[in-house]
Trainee: 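Pasting a structure below so you can have a look.
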Number of protein chains: 4
Amino acid sequence: MSPRADALRNRARVLAAADEVFVEHGSTASTEEVARRAGVGVGTVFRHFPTKEALRDAVYAERLRRVGEEASRLADNTDAGAAFHEFFELLAGTSGPNQALTEALAASATDDQDVRGSLGVLLDRAQRAGAVRSDVGVDEVIALLIGATQATTWTADVSLRGRTLNIILDGLRPH
Amino acid sequence: MSPRADALRNRARVLAAADEVFVEHGSTASTEEVARRAGVGVGTVFRHFPTKEALRDAVYAERLRRVGEEASRLADNTDAGAAFHEFFELLAGTSGPNQALTEALAASATDDQDVRGSLGVLLDRAQRAGAVRSDVGVDEVIALLIGATQATTWTADVSLRGRTLNIILDGLRPH
Amino acid sequence: MSPRADALRNRARVLAAADEVFVEHGSTASTEEVARRAGVGVGTVFRHFPTKEALRDAVYAERLRRVGEEASRLADNTDAGAAFHEFFELLAGTSGPNQALTEALAASATDDQDVRGSLGVLLDRAQRAGAVRSDVGVDEVIALLIGATQATTWTADVSLRGRTLNIILDGLRPH
Amino acid sequence: MSPRADALRNRARVLAAADEVFVEHGSTASTEEVARRAGVGVGTVFRHFPTKEALRDAVYAERLRRVGEEASRLADNTDAGAAFHEFFELLAGTSGPNQALTEALAASATDDQDVRGSLGVLLDRAQRAGAVRSDVGVDEVIALLIGATQATTWTADVSLRGRTLNIILDGLRPH
DNA sequence: AATGAATGAGCATTCATTCAT
DNA sequence: GATGAATGAATGCTCATTCAT
């Protein structure tokens, strides 16, 4: 394995560790903690991400990549409406790690054309299938994903989370 | 002016300054900054609020009080549906300071019976007037207010904010 | 009661409170705490004792006065040797409040002629009675009182305290 | 020099600086002051000793180590009685730095088996040689060392210190 | 490239002291 | 005189960032 490969592997380990740590303690967690989790020294973290902000951005970018991946994966589903709903539930649903994906949307989605593209396809197909009202665009969907995530994060009551999410999904249905 | 009055005035100034500073920099803003904004020494801030957490709680409690006030004020409106919608727009709407009110809901609404009461009245009247579906309770409304606030905070585009909010309100209408 | 009398009463209350608080928490205890215990405002404490140091000094002076009082009281005892030993046990013995008296000796005894006088009488009589070696003076006794107090403060084991004290008293006996 | 060696050297410098500063200003001296004296940043002090208490403990432990060292060194002396007396004079004697050793005894001697061991040997040999009465144990000796140190610390008069110390040593002699 | 020790600005909090009432 | 609110310097501790090895 070339040294370059080692460095890449380290970068990935740091990124993964940061993602975990940020999910658990928020992005105010110390860089030391991230380094410890990654099994590297702080210096290594800073070599790959020269700033705490750069690390945070990279984590968000990676999460965004996964959001796009999920969207693409679901786009193959035959039932376009179900795919759209599943996507919503996946991101805004009950489990912490997935909710973290939405944080990435809030932080930088507007600029990321890949994600906008994947989401656009999912939305477009759902609209053509008559499962989603036709007067909404990708931006509204992103805003609602963010909102739904926060709304469901607020409470520990899982059934309340489900009911809240359904209200938002109802709002997205054609009248 | 008795010392008591002076002290109360100072307490209020600190609280107001903290509210402002927290809106601008989040509640991690330094106590020094709050003191500076209030035009007092740090010691004074700590005399009135012995802990950073106590200050944060007090700011939220005050915001919550204002939320309750708004709800009560709107409860007098003859058009119960309009009152409910106006409340939603007020808290989740476009202006920063009002959005801060929702933060208070997210932080502590569950425990505050006054706010739950005022909100309950507003919701109940809107439901009786047929403006809001009958299968939602105060908790769903709070969750949605939080969600709507975050959804609209995300973007600077005011018209997008309006459209997003309307989708949520549509979800709350009787089918 | 004249205002002067009120002020004197307050001074005494503050002094008593400071003594108690210093015994319990050491003289690093806050002035606020002393004021609270005395049932007065901080301002009153500072009016009577313009400095923390002044308060500490006053507490020590008062303790010294009590040391002198004890010495005088014991000087009446017919058995001069017993009186001397009792004095030693009183100051260096097991109970906290009495040990605090010795702190005052450590802080300022050299200068206080009253205490030196009372102690001198006690010592002199014990020496004449053949209970204490004749080659020691007041200074040695003070130094040993301080030492004995610290030696016995160190341990919680009461019987050990007693044995340690006896060794010192043995050292003071004529050979 | 490996980083490890540098770090160790720094740890030692901090420890030495803390010892000095604590001798001069007591262990309430600020960590800043210790850092300044050591010629390092505060962060470095806290890296090596994560808490003020940890630093104090480390200083005491180091002093205790030196106490044990002295005891061991003196144990080789042929005249066991002289060795014991020399030890007493060393710890409770006239020079400040040595008196600081006793502070360590007061703070933690009970738990440190090494020191108790070395002291025990010294004491035992002195007792077998008939220089120290047989009814005292290590605890009494420690208590008396503490007492003697305080007794001699109290005064600046060196000859008085010597006389006071001798009285205590007389008390330790077989009757 | 990786390491982790060093740095020092920054933060929450305490407390002696002052002063308006 | 008495009160206690206000002040701000000082303290212990954290953490992003740098750099010698």
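Note that this is a predicted model, so its numbers are computed, not measured. Order of the sequence lines fixes the chain letters, A, B, ..., with proteins taken first and strands second; residue numbering starts at 1 for each chain. Both backbone and side-chain heavy atoms feed into the values below; hydrogens, waters and symmetry mates do not.
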Trainee: Over how many whole Å does the gap from R56(A) atom CZ to dA16(F) atom C1' extend?
Mentor: 11 Å
Trainee: To the nearest Å, how far apart are F49(B) CZ and dT14(E) C1'?
Mentor: 18 Å
Trainee: Quick check on DNA chain E: between K52(B) and T28(C), whose nearest nucleotide comes earlier from the 5' end?
Mentor: K52(B)
Trainee: For S27(A), enumerate each residue passing the side chain to side chain donor-acceptor pair (under 3.5 Å) test, keeping only those at least two apart in sequence or located in another chain.
Mentor: none
Trainee: Does R66(C) form a salt bridge (Lys or Arg N to Asp or Glu O under 4.0 Å) with D19(C)? I'd like the steps, not just the answer.
Mentor: CA-CA 12 Å; R66(C) 294 208 297 270; D19(C) 193 299; 3.3 Å; yes
Trainee: What's the shortest heavy-atom distance between T153(B) and T149(B), and which atoms?
Mentor: OG1-O, 2.6 Å
Trainee: Let me have DNA chain F in dot-bracket notation, would you? Count Watson-Crick plus G-U wobble pairs, both distances under 3.5 Å, and use [ ] for pairs crossing earlier ones and | for inter-strand partners.
Mentor: .||||||||||||||||||||
Trainee: Would you say R63(D)'s side chain and A100(D)'s backbone share a donor-acceptor pair under 3.5 angstrom?
Mentor: yes
Trainee: Can you pull every protein N or O that's under 3.5 Å from an N or O on nucleotides 6-10 of chain E?
Mentor:
residue, atom, partner, partner atom, Å
dA6(E), OP1, N10(D), ND2, 2.1
dA6(E), OP2, H48(D), NE2, 2.8
dT7(E), OP2, G41(D), N, 2.9
dT7(E), OP2, T44(D), OG1, 2.6

Trainee: For a side-chain contact (heavy atoms from CB on, under 4.5 Å) with R37(D), tell me which candidate from E24(D), E32(D), R13(D) qualifies.
Mentor: E24(D)
Trainee: Could you measure the distance from the CG atom of L91(D) to the CG atom of L105(D)? Nearest 0.5 Å is fine.
Mentor: 6.5 Å
Trainee: Rounded off to whole Å, could you give me the CG-to-P distance for the L55(B) and dA12(E) pair?
Mentor: 10 Å
Trainee: Quick one: E33(C) CD to dT14(E) C1', roughly how many Å, whole number?
Mentor: 14 Å
Trainee: Give a yes or no on whether the backbone of A54(A) and the side-chain of T51(A) come within a donor-acceptor separation of less than 3.5 Å.
Mentor: no
Trainee: Tell me the interatomic distance from E53(C), atom CD, to dT17(E), atom C1', rounded to whole angstroms.
Mentor: 14 Å
Trainee: Quick one: are L101(B) and R65(B) in side-chain contact, heavy atoms under 4.5 Å?
Mentor: no
Trainee: Side-chain N or O of T31(A) versus OP1/OP2 of dA16(F): is the shortest distance under 4.0 Å?
Mentor: yes
Trainee: Output the rounded distance in Å from CZ (F46(D)) to P (dA5(E)).
Mentor: 17 Å
Trainee: How close do A18(A) and L55(A) get, heavy atom to heavy atom, and via which atoms?
Mentor: CB-CD1, 3.9 Å
